[in-house]
Amino acid sequence: MWCPKCKAEYRDGITVCSECGVPLVKTLPAQVDASDAEDRVRILNRLDGRENLQSLSDGNKAYVEMSAKYEDMKSTAYSFLLVGAGGFLFMFLVTAGIIPLQFAAYMKSIMGIVMGGMFLIFLIIGIRSFRQLSPLKAQVQKEREETDAARSWFFEHYSAKSVDLSSDTEDSDEEARKYFKRSHFMMQKLKEQFPAYKDAFLEYLTEQFYEQLFPQD
């Protein structure tokens, strides 16, 4: 996809130019040199911040760590189970007269049906969430193993200096251009070595390794 105004190239999935705000087109007019890499770099250098560079290079959603998903699911499971169990305990105390509530008999019946149904749903959600914890935990372990394998291979073969040399990064380059060159090279090498890894995961690894190699950027 191309921006008809600034001539920047985008990957599939992005429909509007982040610089100009105009709709993208599949092809540029014949008189425009769409293969001019320098023009694309110039547009990248005008972007403000690393996040914009990443959104320009790929339209995929940001990768979420499996450990974070696991903790979120565990929190959901405990929260819904506690609310559901606490709700049924409250209803029992009201029914037993331990917690006196002055309502007509029909109102108590309606409240019992409505609240009972709601707390039952909470319990079901909590139980289903707990059942998902086991497969998520396995995925967390798999993610750690894949991350360790990628990290071990990458840092065995590359350093900050070798990345700069291989990606033709120069000291005179602007920071945005340095980041684009380095991250693009790192991403390609990881993809070649680990073709089974998903692109979003590879981008996550690239960002993690970049932070280790170039902590001051």
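Just so you know, residue 1 is the first one in the sequence shown, and it goes up from there. Being a predicted model, the structure only gives us computed values, none of them experimental. Computation of the quantities below employed the complete heavy-atom set of this structure, encompassing side-chain atoms and omitting hydrogens, waters and symmetry-equivalent molecules.
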May I ask whether [X] and [Y] are part of the same hydrophobic cluster, defined by side-chain heavy atoms of I, L, V, M, F, W, Y residues being less than 4.5 angstrom apart, directly or through others?
| X | Y | result |
| --- | --- | --- |
| V64 | M73 | no |
| F80 | L82 | no |
| Y158 | L165 | no |

Identify the two heavy atoms, one from [X] and one from [Y], that lie closest to each other, and give their separation to 0.1 Å.
| X | Y | result |
| --- | --- | --- |
| Y197 | A150 | CE2-CB, 4.2 Å |
| S129 | T76 | OG-CG2, 3.7 Å |
| L213 | A160 | CD2-N, 3.6 Å |
| M66 | Y63 | CG-OH, 4.2 Å |

- Item | Stepwise side-chain contact (heavy atoms from CB on, under 4.5 Å) check, F194 with F201 | CA-CA 11 Å; F194 304 96; F201 183 50; over 6 Å; no

_Would you say that more than 12 heavy atoms from the other residues, nucleotides or ligands in this model lie under 6.0 Å from the CZ of F155, or not?_
yes

Could you tell me the separation between the [atom1] atom of [X] and the [atom2] atom of [Y], rounded to the nearest 0.5 Å?
| X | Y | atom1 | atom2 | value |
| --- | --- | --- | --- | --- |
| K198 | E146 | NZ | CD | 10.0 Å |
| R131 | L133 | CZ | CG | 12.0 Å |
| S167 | K189 | OG | NZ | 11.0 Å |
| E203 | K191 | CD | NZ | 8.5 Å |
| K137 | K74 | NZ | NZ | 8.5 Å |
| S172 | K178 | OG | NZ | 8.0 Å |

Check your understanding: Just by distance, with hydrogens left out, do Q141 and E145 show a side-chain donor and acceptor under 3.5 Å apart?
Key -> yes

Compute whether any side-chain donor of one residue and acceptor of the other, for E143 and Y70, lie under 3.5 angstrom apart.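 The criterion, which ignores hydrogens and geometry beyond distance, is not satisfied for Y70 and E143.
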
*Between F214 and Y179, is the gap from one ring center to the other below 6.0 Å?*
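Between Y179 and F214, which both carry aromatic rings, the centre distance is not below 6.0 Å.
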
With side chains defined as the heavy atoms from C-beta onward, is the minimum distance between F88 and L123 less than 4.5 Å? yes

Okay, side chain of T206, backbone of L202: is any donor-acceptor separation there less than 3.5 Å?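 Yes; judged by distance alone, with no hydrogens or angles, the pair exists.
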
Between the side chain of H184 and the main-chain N/O of F180, is any donor-acceptor distance below 3.5 Å?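 Not a single qualifying donor-acceptor pair exists.
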
task = Test H157 against Q193 for side-chain contact (heavy atoms from CB on, under 4.5 Å), laying out the working first.
result = CA-CA 11 Å; H157 291 81; Q193 184 65 24; over 6 Å; no

message = If the test is side-chain hydrogen bond (donor to acceptor under 3.5 Å, both in side chains), which one of T169, D173, D168, D164 qualifies with K181?
response =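 Testing K181 for a side-chain hydrogen bond (donor to acceptor under 3.5 Å, both in side chains) against T169, D173, D168, D164 leaves exactly one candidate, D173.
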
